[in-house]
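Please read the structure below before turning to the comments.
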There are 2 protein chains.
Amino acid sequence: MRVTQQEIARIANVSQATVSRVLAGDVRVEPEKRTAVLDAMKRSNYRPDVRAQALRRKRTCLIGLVLKRSDGGIKDDPFFASLISELARVLKPSKYHLCLDIARDSSDQSSVYDELLRSRRVDGLVLVEPEADDRRLIRLQEDRFPFVVIGNPRGRALHSFDNDNVLAARMATMHLLDNGFRRVGMLAGPTGVTVSDDRVLGYRMAMSERGFSDQVWHSDFGFEAACTTAESLLNDSNLEGLVCMDDFMATGVTRAARHLGISIPGDLAMVSFNDSNLCNLIDGGLTSVNMNHETMIREAVSKLIGLIESTERSEPSRMVIPCELKVRGSSMRKVGGGLL
Amino acid sequence: MRVTQQEIARIANVSQATVSRVLAGDVRVEPEKRTAVLDAMKRSNYRPDVRAQALRRKRTCLIGLVLKRSDGGIKDDPFFASLISELARVLKPSKYHLCLDIARDSSDQSSVYDELLRSRRVDGLVLVEPEADDRRLIRLQEDRFPFVVIGNPRGRALHSFDNDNVLAARMATMHLLDNGFRRVGMLAGPTGVTVSDDRVLGYRMAMSERGFSDQVWHSDFGFEAACTTAESLLNDSNLEGLVCMDDFMATGVTRAARHLGISIPGDLAMVSFNDSNLCNLIDGGLTSVNMNHETMIREAVSKLIGLIESTERSEPSRMVIPCELKVRGSSMRKVGGGLL
DNA sequence: CTGAAAGCGCTAACAC
DNA sequence: GTGTTAGCGCTTTCAG
């Protein structure tokens with residue numbers, strides 16, 4: 001059997017409660033005994049049992065992240081990779097750990113939530129890109145369960161961390177328009193997903209401000225879907241510029257374009273979102289909007305831990321993280337017949 | 001307070017022990033009472049508390065994965081993304097969950113192990129690419145802690161799941177040689193990392209079998225490092241072909257090559273490993289060895305769960321997952337001045 | 001078949 | 001200061 005506080009107490013000739021006190025850093029312990037206890041702990045290589053602690057303290061020190069993506073979809077999406085990696089990194093210096101689950105669809109996701117939080121497996125939840133009609137949020141709030149949302153709260157009062165996607169898309173679109181491209185279209189994600197809807201909005205704002213008509217195509221997330229949609233999109237229209245939902249989908253567009261003999265830039269200018277490493281893999285680089293995910297996640301985690309550890313209900317806060325356009329080759333201006 | 005078995009027992013007019021039995025699917029419970037209990041559970045939306053279960057059963061149903069990579073390094077590496085995503089997916093139908101931690105370096109990693117398993121936070125561990133001199137393995141075995149290794153066990157008796165990297169590299173190299181390339185070099189990962197050492201070995205085998213001399217460059221993992229090393233590599237030699245450590249690094253090579261005005265294929269043929277989606281992002285496609293990671297992870301998890309759930313110590317098993325070469329444009333044969 | 005009772009390892013009053 | 005005690009919510013003998 002593993003060594004317990006009981007065991008340490010026996011060795012150090014104190015009560016088990018004293019061992020617990022030493023562990024908790026209680027000041028009211030005689031230095032001699034404290035030393036004896038610490039010594040016994042070291043000698044027996046003692047470690048408190050987190051399961052017992054969890055039961056007693058009602059805290060598992062686990063943060064849950066539930067990703068919803070159809071089969072294998074998260075595998076190659078740099079947004080998720082970056083999200084997970086950053087989350088784990090931010091959590092590292094804290095005492096919390098990351099519990100990662102995957103759900104296939106919304107109903108599946110709900111049941112994962114149930115398993116995770118009704119069974120009290122995690123202390124709090126990080127929600128990503130909640131869909132507009134999401135019922136989860138209401139349940140979570142009713143249960144007074146600590147959670148933060150990464151993405152647009154859609155007017156609901158909760159703790160959210162988000163970019164201004166409308167603004168970001170407007171900025172990206174304006175950049176293309178400023179560079180002299182006129183027939184600028186947009187390849188968006190599925191309707192109903194907030195991040196996509198917002199970017200569509202921003203794109204439309206920019207286009208109408210400048211008096212151009214807009215044209216939006218919707219596609220599922222991911223490389224393959226974007227590639228397929230892009231093929232027909234490029235065939236049916238003669239766009240000069242394209243605002244693409246994210247870098248990962250942009251690589252799909254790149255592939256479709258290459259397949260059709262359309263060169264980017266030159267025949268088609270493109271801007272995208274996320275500023276991931278994929279931007280460097282495309283010839284000449286892909287102009288992309290950096291969403292500052294690192295900052296966003298750091299802030300979100302810090303708030304979540306605050307929620308978990310304080311009993312008081314803090315006022316819902318919405319934090320908007322600024323974006324920054326990273327200009328690369330894909331959005332270069334046409335000058336004469338060549339590129340600038 | 002949350003609803004407990006006590007509560008359910010009161011409602012259903014049975015003892016708390018009976019509630020527990022119903023939950024455990026114990027057959028020796030009178031149908032009437034069972035119904036009453038199930039009814040009460042449903043009505044009160046009862047869920048067992050996993051913390052209490054964990055303490056009692058001595059099982060948290062958490063599988064630990066500790067990734068070691070320097071700052072942000074895992075973010076864009078498709079191998080890790082694929083590993084995490086596949087792991088989560090394989091775990092999903094089981095009752096186990098994934099606990100993900102990140103470590104900066106080896107010593108850090110050891111302390112993470114301590115926190116994870118001595119404190120009994122997880123039931124078992126998935127180890128990835130253990131370095132040859134790794135002391136962790138010995139500790140884990142001494143503690144009789146359930147774990148599986150993904151990567152080469154280096155002759156140690158443990159449960160491992162691995163590709164034959166020597167064979168894979170030999171196959172990849174032979175493919176280039178068969179296509180008529182002669183001055184074939186290799187861009188490897190850091191020395192001491194088994195997966196890299198093995199691939200170097202396979203490459204050297206192929207070269208010497210055909211009577212060619214070999215030339216190996218070492219670089220850190222990741223895009224940037226590969227890119228830097230590739231620049232000097234391409235400057236200092238006049239290679240016809242390159243065997244690259246993995247797809248992610250291959251994208252770094254691609255970038256360096258483009259920068260130097262070297263076209264792939266044409267001036268330089270390339271083969272790589274992992275067959276990730278990155279292969280499709282490179283002009284004409286990147287020839288790569290598919291390591292069947294999905295299968296590997298599925299098998300590894302299934303073994304790990306077996307180890308956790310059975311007390312008997314099973315014989316160390318080594319499972320070698322077959323690889324498959326996916327030929328794409330980057331390794332095309334030179335015919336006359338053009339490509340075939 | 002079922003209830004009573006003994007813990008799992010730890011925390012936190014509550015006494016002394 | 002320190003020990004005693006009472007649980008956290010659950011599983012599992014052990015009697016009946």
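We name chains A, B, ... by the order of the sequence lines, and we start the count at 1 in each one. The analysis underlying the following values was restricted to heavy atoms, covering all of them including side chains, and did not include hydrogens, waters or symmetry mates.
Listed pair A:Thr18 / D:dT2 fails the phosphate criterion, with no side-chain N or O lying under 4.0 Å from OP1 or OP2. A close approach under 4.0 Å does occur between a side-chain nitrogen or oxygen of A:Gln5 and OP1 or OP2 of C:dT11.
D:dG1 atom P lies 13 Å from atom CD of A:Glu32, rounded to whole Å. Put simply, CZ on B:Arg120 is 12 Å from C1' on C:dC10, counting in whole angstrom units. What separates CZ of A:Arg118 from C1' of D:dC10 is a distance of 18 Å, to the nearest Å. A:Gln6 places its CD atom 13 Å from the P atom of C:dT11, with the value rounded to the nearest Å. Between the CG atom of A:Asp123 and the C1' atom of D:dC8 there is a distance of 15 Å, given to the nearest Å. Between the P atom of C:dG9 and the CZ atom of A:Arg57 lies a distance of 16 Å, rounded to the nearest Å.
Among the atoms of the strands shown, base atoms are found under 4.0 Å from some heavy atom of A:Ser20. Across all strands shown, A:Gln16 has heavy atoms under 4.0 Å from base atoms, whether or not it also approaches the sugar-phosphate. Residue contacts for B:Glu30: at a heavy-atom cut-off of 4.0 Å it reaches the sugar-phosphate backbone alone, with no base atom in range.
Heavy-atom distances under 4.0 Å link DNA chain C to no residue of residues 34-54 of chain B.
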Exercise for review: Go through B:Arg139 and B:Glu142 one step at a time and tell me if the salt bridge (charged side-chain N to carboxylate O under 4.0 Å, His left out) criterion holds.
Suggested key: CA-CA 5 Å; B:Arg139 288 249 324 248; B:Glu142 280 172 357; 5.8 Å; no
Point to revise | Evaluation steps, side-chain contact (heavy atoms from CB on, under 4.5 Å), between B:Glu7 and B:Thr4 | key: CA-CA 5 Å; B:Glu7 188 82 358; B:Thr4 69; 4.1 Å; yes
Exercise for review: Could you check A:Ser44 against A:Ile11 for side-chain contact (heavy atoms from CB on, under 4.5 Å), going step by step and ending with a plain yes or no?
Suggested key: CA-CA 9 Å; A:Ser44 346; A:Ile11 300 177; 3.7 Å; yes
Review point. Would A:Val301 and A:Tyr96 satisfy side-chain contact (heavy atoms from CB on, under 4.5 Å), going step by step from the backbone distance to the final call?
Key: CA-CA 10 Å; A:Val301 165; A:Tyr96 290 85; over 6 Å; no
Check your understanding: A:Glu115 and B:Arg47: salt bridge (charged side-chain N to carboxylate O under 4.0 Å, His left out), yes or no, with the steps?
Key -> CA-CA 8 Å; A:Glu115 151 65 9; B:Arg47 278 301 207 127; 3.8 Å; yes
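When each of B:Arg56 and B:Asp26 is assigned the nucleotide of DNA chain C bearing its nearest heavy atom, the one mapping closer to the 5' terminus is B:Asp26.
For the residue pair B:Gln5/B:Gln16, the side-chain donor-acceptor check at 3.5 Å is satisfied. A side-chain N or O of B:Ser15 and one of B:Thr18 form a donor-acceptor pair less than 3.5 Å apart.
Taking 3.5 Å as the limit, the base of C:dG9 and the side chain of A:Arg2 contain no donor-acceptor pair of atoms between them.
Minimum atom distance to the side chain of B:Ser15 is reached by C:dA4, of the listed D:dT2, C:dA4, C:dG9. Among the nucleotides C:dT2, C:dC8, D:dT2, the one closest to any side-chain atom of B:Lys58 is C:dC8.
Looking at residues two or more places apart in sequence or on another chain, you find no ring pair (Phe, Tyr, Trp, His ring centres under 6.0 Å) involving B:His159.
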Measure all distances between protein nitrogen or oxygen atoms and nitrogen or oxygen atoms of nucleotides 13-16 of chain D, and list the pairs falling under 3.5 Å.
| unit_1 | atom_1 | unit_2 | atom_2 | d |
| --- | --- | --- | --- | --- |
| D:dT13 | O4 | B:Arg21 | NH2 | 3.3 |

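Each of A:Arg121, A:Lys58, A:Gln53 was checked for a side chain to side chain contact (heavy atoms under 4.5 Å, CB included) with B:Arg51, and the lone residue meeting it is A:Lys58. Across A:Leu127, A:Asp143, A:Asp101, a single residue satisfies side chain to side chain contact (heavy atoms under 4.5 Å, CB included) together with A:Tyr113, and that is A:Leu127.
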